[in-house]
Protein chains: 2
Amino acid sequence: MALSRNDEFPVKDLTLSKWCKALSHPARIAILRNLASRGECICGDLVLDLPLAQSTVSQHLKALKEAGLVQGQVDGPRSRYCINQKNFEKFIKAFGTFGNKLNKKLICE
Amino acid sequence: MALSRNDEFPVKDLTLSKWCKALSHPARIAILRNLASRGECICGDLVLDLPLAQSTVSQHLKALKEAGLVQGQVDGPRSRYCINQKNFEKFIKAFGTFGNKLNKKLICE
DNA sequence: ATCGTATATCGTACATATACGATAAGCAAG
DNA sequence: CTTGCTTATCGTATATGTACGATATACGAT
């Protein structure tokens, strides 16, 4: 795409867009729901629940990890994943701030 | 990307991911902030505020429109845009539901 | 009718995302 | 050490996203 102009946008917008991007695929939303309801689980559990190949699920997990929304730890031959609660809360908060600001403007002005 | 498996995911996940995708670029977040603070504005106003060419801004507006988050109406030679409040509220609500469910699980179980 | 302004769309280039199978790497068990 | 299981990564194919300039379209004004 030619050159990205991302460095010319406010950091807050970049941060929020990064997190939203992490949720911009239904598989990643399903993964987060799954992780939340199980507390934690291994990659193989997710593969059973999703209509995707193991390698694809692994890619989505990597994306969520890079966005900071999940964390993983090695457990023998497995990888055990869970939601990165701290960052997830930051995301929820940032989103809430964004939504509230916009709603306030929409209603009051 | 080979064939998409999107039709095999729950509708709720698809809906939320679609909206998140609309916010997955900083320019579109900036546009929404802009529209909220101005109430409404024309494409040219946004072009002045963003580090992007007119045609690119128009593309981002189209994306937001297709996601249902903004609406536009022709005004003489201009296009006047504003936030689609009804859908935006649906989005905020859907996101809140998602976030709350996950948080509840994270805290209580 | 012509000119100027505003915007959407087209064409294009390149980047990134999504999907899969195959393979590599790591560990447990025998 | 070999076997079996789990997962990450590689290679690849294709789709989508992002950016620009150029152009078409639509309207108001002169």
Side-chain angles (χ1 to χ4, degrees), chain A residues 1-9 13-14 17-31 34-35 40-67 69-82, chain B residues 1-9 13-14 17-31 34-35 40-67 69-82:
Chain A
M1 60 168 142
L3 283 186
S4 163
R5 291 288 151 86
N6 278 4
D7 52 342
E8 302 182 40
F9 289 96
D13 290 356
L14 285 167
S17 68
K18 184 193 70 179
W19 280 327
C20 286
K21 196 172 194 171
L23 297 204
S24 72
H25 193 287
R28 293 193 289 270
I29 292 188
I31 287 173
N34 223 302
L35 288 178
E40 63 174 26
C41 63
I42 62 171
C43 178
D45 297 331
L46 296 167
V47 173
L48 292 177
D49 271 14
L50 295 171
L52 297 171
Q54 178 270 322
S55 57
T56 307
V57 173
S58 194
Q59 275 186 337
H60 282 303
L61 280 167
K62 191 180 179 189
L64 285 167
K65 206 168 156 188
E66 282 174 354
L69 295 183
V70 310
Q71 51 197 158
Q73 72 193 56
V74 183
D75 171 23
R78 286 160 257 269
S79 284
R80 199 162 291 282
Y81 286 95
C82 65
Chain B
M1 57 169 145
L3 282 185
S4 165
R5 291 287 151 87
N6 277 5
D7 52 343
E8 301 182 39
F9 290 97
D13 290 356
L14 284 167
S17 67
K18 184 194 70 178
W19 280 328
C20 285
K21 194 172 194 171
L23 296 205
S24 72
H25 193 287
R28 293 194 287 272
I29 292 189
I31 287 173
N34 222 302
L35 288 179
E40 62 173 30
C41 64
I42 62 172
C43 178
D45 296 333
L46 296 168
V47 174
L48 293 177
D49 271 14
L50 296 172
L52 297 171
Q54 179 269 323
S55 57
T56 307
V57 173
S58 194
Q59 274 186 336
H60 283 302
L61 280 167
K62 191 181 179 186
L64 285 167
K65 205 169 157 187
E66 281 172 355
L69 296 183
V70 309
Q71 53 197 155
Q73 71 191 57
V74 183
D75 172 24
R78 284 160 261 267
S79 284
R80 200 162 290 280
Y81 286 96
C82 65

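Naming convention: chains lettered A, B, ... in sequence-line order (proteins, then strands); numbering from 1 in each chain. Fair warning: this is a prediction, and the values are worked out from it, not measured in the lab.
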Taking the side chain of B:K62 as its heavy atoms from C-beta onward, which of D:dA8, D:dA19, C:dT9 lies nearest to it? C:dT9
Please name the pair of heavy atoms, one in B:L64 and one in B:A22, separated by the smallest distance, quoted to 0.1 Å. CD2-O, 3.9 Å
Please examine the side chains of A:I29 and B:S17, heavy atoms only from C-beta on, and report whether any two atoms are closer than 4.5 Å. yes
From C-beta outward on B:S55, which listed nucleotide comes closest to its side chain: D:dC20, C:dA19, C:dG26? D:dC20
Tell me whether the OP1 or OP2 atom of D:dA8 has a side-chain N or O from A:Y81 closer than 4.0 Å. yes
Would you mind classifying the nucleic acid contact of A:K21 as base, sugar-phosphate or nothing, using non-hydrogen atoms under 4.0 angstrom? sugar-phosphate
Between NE2 of A:H60 and P of D:dT7 the distance, given in whole Å, is 16 Å
Winner on side-chain proximity to B:H25, out of D:dT18, C:dA8, D:dT7, is D:dT18
Using a 4.0 Å heavy-atom cut-off across all strands, classify B:L52 as base, sugar-phosphate, or nothing. sugar-phosphate
With a non-hydrogen cut-off below 4.0 angstrom, is A:R80 in contact with a base, only sugar-phosphate, or nothing? nothing
Can you measure from CG (A:L48) to CG (A:D45) and round to the nearest 0.5 angstrom? 6.5 Å
Atom CG of A:D75 and atom P of D:dA8 are separated, to the nearest Å, by 12 Å
A:I42 side-chain proximity, nearest of C:dC20, C:dA8, D:dT7: D:dT7
Given DNA chain D, 5'-ward residue of the pair A:R78 and B:R78, judged by closest heavy atom: A:R78
Which nucleotide, D:dT7, C:dA8, D:dA19, lies nearest any side-chain atom of A:C43? D:dT7
Over how many whole Å does the gap from B:R28 atom CZ to D:dT16 atom P extend? 15 Å
OP1 or OP2 of D:dT18 less than 4.0 angstrom from a side-chain nitrogen or oxygen of A:S4, does that happen here? no
With a 4.0 Å cut-off on heavy atoms, is A:T56 in touch with a base, just the backbone sugar-phosphate, or nothing at all? base
Could you measure the distance from the CG atom of A:L50 to the OG1 atom of A:T56? Nearest 0.5 Å is fine. 10.0 Å
If I take atom CG in residue B:L61 and atom C1' in nucleotide C:dA6, what distance separates them, rounded to the nearest angstrom? 13 Å
Specify whether A:H25 and B:F9 have parallel, tilted or perpendicular ring planes, treating 30° as the upper limit for parallel and 60° as the lower limit for perpendicular. perpendicular
Between A:R5 and B:P77, who's closer to the 5' end of DNA chain D by nearest nucleotide? A:R5
Value in whole Å for how far the P atom of D:dC20 lies from CG of B:L50: 11 Å
Just how far, in rounded Å, is C1' of C:dC10 from CD of B:Q54? 13 Å
B:L48 CG to C:dT5 P, in whole Å, measures 14 Å
Residue B:Q59, side-chain heavy atoms: nucleotide from D:dA19, C:dA19, C:dA8 that is nearest: D:dA19
Under a 3.5 Å limit on both distances, the Watson-Crick or wobble mate of D:dA29 is C:dT2
State the SG-OH distance between B:C43 and B:Y81, to the nearest 0.5 angstrom. 6.0 Å
Separation of D:dT7 atom P from A:E40 atom CD, nearest Å, is 13 Å
